[in-house]
Amino acid sequence: MKQLITALILFTSAILFGQTADAAFKKGETKYNAKDYKGAIADFTKAVTLNPKNATAFYYRASCKQRLEDYKGAIADYSQAIKVKPTYAVAYTNRARSKYISLELAGTPEDYKAIIADYTKAIELNPRDTAAYLNKAATKEFLKDYTGCIEDLRKLCELAPNNGEAFYSKANCEDKAGNKEAACVDWDKALELGETRAQPLKAKNCNQ
């Protein structure tokens, strides 16, 4: 009988524990949606303290920190979310983005390779992650790997044929790679899709 009572107490405690952690998460989610990021961080902190296996709470806390420009804090929380849930594709994408911004264009080649690795993992887990393709290409462009940039953006254009930014970015990489004719085709396509930033580049570089 004593063992049964003990088991019931432990079972009840586990249920109450779970409810409390869930309640904290839901409060944080409400504040997050209201753009009260500081308030949301406090609730998500309570949620992960009560349940350290809640990858989503770590992810949302990271997102709050990213929006508040606490990039180091965001990276740490995205990393924790990934540790708890290694298949968390969007956490890899956003961790890479936070890493890129935090470097302020002054990182080492190894730093940027680590960022590309995060985007590559995100795409592996979610082949339709357009943000990962676009930002991975931008990182390669920064490293002057124009061939790699073009390859990623070509895949993105196939995946999202109505994405004007993808064609605009691809045109810029084509131009830097010396492929003027291909760049003009892509600027024209970008304009067709409403990407007005392509207009002055097309006017300057392409025969009208």
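What you see is a predicted model; the values in this text were computed from it and never measured.
Side-chain contact check for K170 versus C157: some heavy-atom pair is nearer than 4.5 Å. Side-chain contact between T130 and L156: present, with at least one pair of heavy atoms (C-beta onward) separated by less than 4.5 Å. Using a 4.5 Å cut-off on side-chain heavy atoms (C-beta onward), K38 and K31 make no contact. Residues D186 and D175 fail the side-chain proximity criterion, which asks for heavy atoms closer than 4.5 Å. Within the 4.5 Å cutoff, the side chain of T139 has heavy atoms near those of the Y100 side chain. Contact check for N126 versus V90: no side-chain heavy atoms found under the 4.5 Å cut-off.
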Full working for side chain to side chain contact (heavy atoms under 4.5 Å, CB included) between D118 and T93:
CA-CA 6 Å; D118 269 354; T93 299; over 6 Å; no
Are E195 and F167 close enough, and set up right, to give a side chain to side chain contact (heavy atoms under 4.5 Å, CB included), and what steps lead you there?
CA-CA 9 Å; E195 182 51 82; F167 284 95; over 6 Å; no
List the steps, then state whether side chain to side chain donor-acceptor pair (under 3.5 Å) holds for Y32 with R61.
CA-CA 9 Å; Y32 178 88; R61 190 172 73 172; over 6 Å; no
In sequence, state the C-alpha distance, the side-chain angles, and the governing distance for V48 and D77, and then conclude on side chain to side chain contact (heavy atoms under 4.5 Å, CB included).
CA-CA 11 Å; V48 298; D77 277 343; over 6 Å; no
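D43 approaches A24 most closely through the heavy-atom pair CB-O, 3.4 Å. A pairwise comparison of heavy atoms in A177 and Y146 identifies CB-CB, 3.9 Å as the closest pair. The two residues P52 and V84 make their nearest non-hydrogen contact at O-CG2, 3.6 Å. For the residue pair S98 and A74, the shortest heavy atom distance occurs at OG-CB, 3.8 Å. What you find for P127 and L159 is that their closest heavy atoms are O-CD2, 3.5 Å. Scanning both residues, P86 and L125, for their nearest heavy atoms gives O-CD1, 3.8 Å.
A donor-acceptor contact closer than 3.5 angstrom is absent between the side chains of S169 and N172. Looking at R97 and Y78, their side chains never bring a donor and an acceptor atom within 3.5 Å of each other. Donor-acceptor pairing under 3.5 Å is recorded for the side chains of Y59 and N94.
Both I123 and L134 are assigned to one and the same hydrophobic cluster, defined by single-linkage of ILVMFWY side chains at heavy-atom distances under 4.5 Å. Clustering ILVMFWY residues whenever any of their side-chain heavy atoms sit less than 4.5 angstrom apart, transitively, puts I101 in a cluster other than the one holding I115. Both L103 and L143 are part of a single hydrophobic cluster, where members link through side-chain heavy atoms under 4.5 Å apart. Under the 4.5 Å side-chain contact rule for hydrophobic residues, I75 and L105 do not share a cluster. L193 and W187 fall into different hydrophobic clusters, defined by Ile, Leu, Val, Met, Phe, Trp and Tyr side-chain heavy atoms under 4.5 Å apart, directly or through other members.
With rounding to the nearest 0.5 angstrom, the SG atom of C149 is 13.5 Å from the NZ atom of K144. The distance from atom OG of S102 to atom CZ of R95, rounded to the nearest 0.5 Å, is 11.5 Å. In this structure, E29 CD and Y60 OH are separated by 5.0 Å, a value rounded to the nearest 0.5 Å. To the nearest 0.5 angstrom, K46 atom NZ is 13.5 Å from N51 atom CG. Interatomic distance, OH of Y37 versus CZ of R67, reported as 4.0 Å (0.5 Å rounding). S63 contributes atom OG, which lies 11.5 Å from atom NZ of K65 (distance to the nearest 0.5 angstrom).
No salt bridge links K155 with E158; every basic N to acidic carboxylate O contact stays at or beyond 4.0 Å. Ion pairing between K99 and D111 fails under the 4.0 Å rule for side-chain N and carboxylate O. Under 4.0 Å is where a charged nitrogen must lie from a carboxylate oxygen, and between R154 and E151 no such pair does. The pair K189-E192 counts as a salt bridge, with a side-chain nitrogen and a carboxylate oxygen less than 4.0 angstrom apart.
Not a single donor-acceptor pair under 3.5 Å links the side chain of N179 to the backbone N or O of A182.
A ring-centre distance under 6.0 Å is not found for Y92 and Y119.
Note on ring orientation: taking the six-membered ring where Trp is involved, the planes of Y112 and F142 are tilted (angle from 30° to 60°).
Test L191, L201, T196 against Y168 for side chain to side chain contact (heavy atoms under 4.5 Å, CB included) and you get one pass: L201.
The neighbour count for K180 NZ, taken as heavy atoms of other residues, nucleotides or ligands under 6.0 Å away, is above 12.
Taking the ring centre of Y88 as origin, the terminal cationic atom of K85 falls inside the region bounded by 6.0 Å and 45° from the ring axis.
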